[in-house]
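Throughout, a chain's letter reflects where its sequence line sits, starting with A, and its residues are numbered from 1. Atoms considered below: every heavy atom in the structure, side chains included; atoms not considered: hydrogens, waters and symmetry mates. All of these numbers come straight from a predicted model, not from anything done at the bench.
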There are 2 protein chains.
Amino acid sequence: MATTTPNASRTARDRARRELTEEIKRVARRHLAEHGSAALSLRAVAREVGMVSSAVYRYFPSRDDLLTALIIDAYDAVGERAEAAESASRDRGADARWLSVCEAVRAWALANPHEYALIFGSPVPGYAAPEATIGPASRVPLVLLRLLGDGVASGEFVAGKTPAMSRTTRSDFAQLRRTAAPAVPDAVLSRGLSVWAQLLGGINLEMFGHLHNVIRDYDAFFTLQMRRACEFLTQGV
Amino acid sequence: MATTTPNASRTARDRARRELTEEIKRVARRHLAEHGSAALSLRAVAREVGMVSSAVYRYFPSRDDLLTALIIDAYDAVGERAEAAESASRDRGADARWLSVCEAVRAWALANPHEYALIFGSPVPGYAAPEATIGPASRVPLVLLRLLGDGVASGEFVAGKTPAMSRTTRSDFAQLRRTAAPAVPDAVLSRGLSVWAQLLGGINLEMFGHLHNVIRDYDAFFTLQMRRACEFLTQGV
DNA sequence: ATCGAGGGAGAGCACTGCTCTCGATTCACC
DNA sequence: GGTGAATCGAGAGCAGTGCTCTCCCTCGAT
């Protein structure tokens, strides 16, 4: 049984498979970036890769699976940017680091609108996020939660008054604390989620055209909003 | 010229046209609600209405135009709910009224997830919002801006310190003030947009599954977040 | 009464996702 | 080495899509 694939990753077949899988993904990613997710055609990708459509099904069992692979890549891409922004600003204050992660997320979104829409816009219809996405999907939130912990530890993030909350919510926060943000009080956790929502909400408003004819200088507006949000986050003011 | 259609809305033909247009939209809306926007098939709608697909093109020049009609309806639906919530809470404080509008928006979103995704999720690919949508799309924001004005007038919303902002942003705010929110200072306008972003961001997080395994009691969490947001909005704290 | 516009039906085009079958190649084991 | 099984590409085909074009009937303004 174990001997049926003794050195699976070394055979020429396996290498070819790996490379072709990557090639398909690369072309698909380009199609996605250029025309959006709904226009992503398995046949068109196949044509460009130089195979017939049915052959692609040897690599991805369905169009949705191909899309899932791209979703994972997209999550990993933002995650990487966020992590890079975090470590690049390691010598600055916790609020500045949080801000820099937010800016990084927005920058990535602006540079990859369709990928952003794929993961933070409406999910493609009838598509339920499979298990495999939750890891990559948590990378950005984990960075922010870690920063929350840092800020609390350094005394930069003050709890302020704790808002009244239900038992369930309190226990949700407790579990979140246990999982990813030790010692972060409920009040800070709550404000952190607020700012996270505001970040994505703000990017959505901007990218999906809801600020058209309202805001002209998106960069300045975003920075203004996020500066204020970080003030609120750290001080509760 | 004017005599070519002397009583256009009275002829049987015209009535039939109006009714059929509505019937198509009704069926399409149901399909949208049940299977999502990408699964909205003009042919399937036609079948159910009892015509052949080509006949539908007499009423809607393309699938996108049918979708646009549904988008307008969706905007009008949330707009109506928001307006109703606003006038139902007319005797309460400005913050409570703002909160009640937010709750109304979320309630509508939960009841009509696909419609919500259609207007506040990622726009359907290759689809640019046509002029006709901007009126209905502004109904909710206008309600909130009006409440901002009320709150400022009654002294419930205090400006607090005005954050530093660029000239462009200042002039964007000035125009917004001129258009829809007279006498609302920049600081309050800015916080209003923050909370608007947070509202939509929060609903998105919830509806698109980003809080899965994090939050269990969505209702309680939303209320907590929005209460806090409204506090921030009114007091700047 | 007439004649043109409106509107439904049908065929057809180019495309999609996906399945199945059929050879050819490649790999693992003896 | 040779051999049998797994792998994989190609092709045909099915059911569905959006959209166009042509045909023809019916309604209504003149």
- request: Go through V105(A) and W108(A) one step at a time and tell me if the side chain to side chain contact (heavy atoms under 4.5 Å, CB included) criterion holds.
  value: CA-CA 5 Å; V105(A) 170; W108(A) 179 85; 5.8 Å; no

Using atom [atom1] of [X] as one end and atom [atom2] of [N] as the other, report the distance to the nearest whole Å.
X	N	atom1	atom2	value
R15(A)	dT25(C)	CZ	P	19 Å
Y57(A)	dA10(D)	OH	C1'	15 Å
L42(A)	dG16(D)	CG	C1'	16 Å
I24(B)	dG7(C)	CD1	P	11 Å
R43(A)	dG11(D)	CZ	P	13 Å
L66(A)	dT16(C)	CG	P	14 Å
R63(B)	dA14(C)	CZ	C1'	17 Å
H31(B)	dT17(D)	NE2	P	10 Å

message: If you define the side chain from C-beta out and look only at heavy atoms, does anything of R30(B) sit under 4.5 Å from E48(B)?
response: yes

- line: Ranking Y59(A) and P61(B) by the position along DNA chain D of their nearest nucleotide, the one closer to 5' is Y59(A)

message: I want to confirm an ordering. Mapping R58(B) and G50(A) to their closest nucleotides on DNA chain D, which one lands closer to the 5' end?
response: G50(A)

query: dG10(C) base to S54(B) side chain: any donor-acceptor pair below 3.5 Å?
result: yes

query: Any donor-acceptor pair under 3.5 Å between the side chain of R13(B) and the base of dC27(D)?
result: yes

With a 4.0 Å limit, can you tell me whether [X] has a side-chain N or O closer than that to the phosphate oxygens OP1/OP2 of [N]?
X	N	result
R47(A)	dT16(C)	yes
S41(B)	dT17(D)	yes
R17(B)	dG7(C)	yes

- prompt: Distance-only, no hydrogens or angles: does the R177(B) side chain make a donor-acceptor pair with backbone N or O of D172(B) under 3.5 Å?
  reply: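 No: the side chain of R177(B) does not pair with the backbone of D172(B).
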
task: Measure from NZ or CZ of R139(A) to the centre of the six-membered ring of Y75(A), then state whether that distance is under 6.0 Å and the direction lies within 45° of the axis.
output: no

Mind checking if [X] touches a base, just sugar-phosphate, or nothing, with heavy atoms under 4.0 Å?
X	value
A12(A)	sugar-phosphate
L40(A)	sugar-phosphate
S53(B)	base

field: Lys/Arg-Asp/Glu bridge criterion (N-O < 4.0 Å) met for R106(A), E206(A)
entry: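 Salt bridge: yes.
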
